[in-house]
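Comments concern the structure below.
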Number of protein chains: 2
Amino acid sequence: MSYSRHQLIALLRKHGIAPTHQRLEIANVLFSRCEHLAADQILTLVNERHAETSKATVYNTLNLFRDCGLIREVIVDPKRVFYDPNTQPHHHLYNVDTGEITDIPADDLTVSGMPELPPGMVTEGVDIVVRIRAL
Amino acid sequence: MSYSRHQLIALLRKHGIAPTHQRLEIANVLFSRCEHLAADQILTLVNERHAETSKATVYNTLNLFRDCGLIREVIVDPKRVFYDPNTQPHHHLYNVDTGEITDIPADDLTVSGMPELPPGMVTEGVDIVVRIRAL
DNA sequence: GCCAAAGATTGGACTTTGTCTAATCCCCGG
DNA sequence: CCGGGGATTAGACAAAGTCCAATCTTTGGC
Ligand SMILES: [Mn+2]
Ligand SMILES: [Mn+2]
Ligand SMILES: [Zn+2]
Ligand SMILES: [Zn+2]
């Protein structure tokens with residue numbers, strides 16, 4: 001679960017991302033704890049020891065990581081985007097009361113009856129969100 | 001597809017909503033065109049003829065309609081919430097290039113292998129978003 | 001129909017999430 | 001040990017949405 005500094009450097013390099021101090025800090029936060037974190041949580045965590053990463057860099061970096069396929073976005077909360085270090089196809093359980101997001105392995109859930117796509121269109125992904133609630 | 005004034009009044013009353021002028025205008029926009037509209041699009045449409053509904057009222061009303069089960073939210077675009085006059089279980093095709101949202105009837109798509117829920121939890125709904133793209 | 005109370009609407013200030021910009025900084029290749 | 005391209009930054013900016021206190025409507029009882 002915990003990555004060494006040069007494992008993180010290798011991970012970024014593999015995705016064509018130059019490893020800077022800030023990017024490594026952000027990657028470390030994302031990959032060490034395997035949770036679904038929002039930008040402002042990442043900003044806080046990264047500056048926990050001593051402040052050294054700006055808000056702009058956190059947003060820049062998350063967008064870069066996303067564009068390079070290192071992480072993916074999870075769109076369940078209309079208020080903020082969550083970032084998921086797990087880019088394997090999988091789905092999410094969303095507790096609407098607490099906001100907690102839990103993974104559902106892809107092979108547990110099967111979807112059948114996918115509609116025909118308009119010609120010239122390809123599927124980029126299928127996201128399933130199971131909204132749950134207490135009671 | 002088009003509702004008369006007192007059909008709309010009956011619809012609101014059935015959901016325990018007092019029918020005011022503004023609420024009827026908003027309901028009319030939502031139910032006459034069966035699209036997935038965002039708050040600011042609804043604000044524009046409702047004030048097309050002559051301005052008479054404020055931004056605050058549009059947001060208040062959409063939240064009220066949602067809480068009363070008259071409409072539902074569609075969370076696919078991190079930038080804004082879309083409102084869906086169709087509250088029957090169904091799913092969505094989301095064109096990530098254009099932002100276009102299309103319905104997928106619930107019976108077309110079947111999900112199997114739903115995970116056990118933690119005890120005391122109930123499923124509020126299952127949302128499937130098929131993200132598509134040109135090419 | 002009339003009136004008061006309860007509820008709805010409003011402009012505008014405010015908050016939150018995220019983007020942009022132009023100045024500065026850093027780091028790597030030659 | 002440079003020089004230059006890329007990265008970082010503070011802070012301004014933008015968009016979506018909420019909140020508030022003042023005002024306006026609706027409604028139910030008479
Ligand atoms: Mn550090
Ligand atoms: Mn009108
Ligand atoms: Zn996940
Ligand atoms: Zn729909």
Side-chain angles (χ1 to χ4, degrees), chain A residues 5-6 8-9 12-13 15-30 36-47 50-68 70-84 99 101, chain B residues 5-6 8-10 12-13 15-29 36-47 50-68 70-84 99 101:
Chain A
R5 181 166 196 82
H6 63 274
L8 288 172
I9 292 176
L12 297 210
R13 286 243 165 83
H15 289 263
I17 299 166
T20 65
H21 182 70
Q22 288 85 344
R23 287 171 180 175
L24 289 169
E25 294 280 344
I26 293 169
N28 184 49
V29 162
L30 283 164
H36 303 83
L37 297 171
D40 76 304
Q41 300 177 297
I42 293 168
L43 179 61
T44 301
L45 287 168
V46 132
N47 288 319
H50 59 124
E52 55 188 336
T53 305
S54 70
K55 183 178 70 150
T57 296
V58 168
Y59 279 101
N60 287 346
T61 301
L62 290 171
N63 289 339
L64 177 71
F65 283 5
R66 186 240 298 120
D67 292 345
C68 293
L70 187 58
I71 60 177
R72 63 139 122 172
E73 294 181 341
V74 180
I75 312 295
V76 282
D77 179 343
K79 292 233 185 310
R80 55 234 242 269
V81 174
F82 287 88
Y83 291 91
D84 193 336
I101 301 172
Chain B
R5 181 167 195 80
H6 62 276
L8 287 172
I9 292 176
L12 297 209
R13 287 244 164 81
H15 289 263
I17 299 167
T20 65
H21 182 71
Q22 287 86 343
R23 287 171 180 174
L24 289 169
E25 294 281 343
I26 292 168
N28 184 48
V29 162
H36 303 84
L37 298 171
D40 75 304
Q41 298 177 298
I42 294 168
L43 179 62
T44 301
L45 288 167
V46 132
N47 289 319
H50 59 124
E52 54 188 338
T53 306
S54 70
K55 183 179 69 151
T57 296
V58 168
Y59 279 102
N60 288 345
T61 301
L62 290 171
N63 289 339
L64 176 71
F65 284 5
R66 187 240 296 120
D67 292 345
C68 295
L70 187 58
I71 61 177
R72 64 140 123 171
E73 294 181 341
V74 180
I75 312 296
V76 281
D77 179 342
K79 292 233 185 308
R80 54 235 244 268
V81 173
F82 287 88
Y83 292 91
D84 193 337
I101 300 172

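Numbered from 1 within each chain, the chains take letters A, B, ... in sequence-line order.
In this structure, B:Phe65 and B:His15 have side chains that are not in contact, with every pair of non-hydrogen atoms separated by 4.5 Å or more. Counting only heavy atoms from C-beta outward, the side chains of B:Glu73 and B:Tyr83 approach each other to under 4.5 Å.
Atom pair B:Ile26:CD1 and C:dT9:C1' shows a separation of 10 Å (rounding to whole Å applied). Going from atom CD1 of B:Ile75 over to atom P of D:dA16 covers 14 Å, rounded to whole Å. Rounded to whole Å, the distance from CG on A:Leu43 to C1' on D:dG11 is 15 Å. In this entry the distance linking CG of B:Leu37 with P of D:dA16 reads 14 Å, nearest Å. In this entry the distance linking CG of B:Asp67 with P of D:dG17 reads 15 Å, nearest Å. Atom P of nucleotide D:dG6 and atom CZ of A:Arg23 are separated by 11 Å, given to the nearest angstrom. Summarising the geometry, the separation between CD on B:Glu52 and P on C:dT10 is reported as 9 Å, rounded to the nearest angstrom. Distance, B:Leu62 CG to D:dG17 P: 9 Å, rounded to whole Å.
Checking the phosphate oxygens (OP1, OP2) of D:dT25, no side-chain nitrogen or oxygen of B:Gln22 falls inside 4.0 Å. For A:Ser54 and D:dT8, the shortest distance from a side-chain N or O to OP1 or OP2 is not below 4.0 Å.
In this structure, A:His6 places its NE2 atom where only 12 or fewer heavy-atom neighbours from other residues, nucleotides or ligands lie under 6.0 Å away.
Across B:Ala18 and B:Arg23, no two heavy atoms sit closer than the pair O-NH1, 2.9 Å.
In this structure, CG on A:Leu70 lies 8.5 Å from CG on A:Leu64, to the nearest 0.5 angstrom. Atoms CG and CD, from A:Leu45 and A:Glu25 in turn, are 11.0 Å apart once rounded to the nearest 0.5 Å.
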- Its contact letters, B for base, S for sugar-phosphate only and - for none at protein heavy atoms under 4.0 Å, make nucleotides 13-30 of chain C read B---SBBB----------
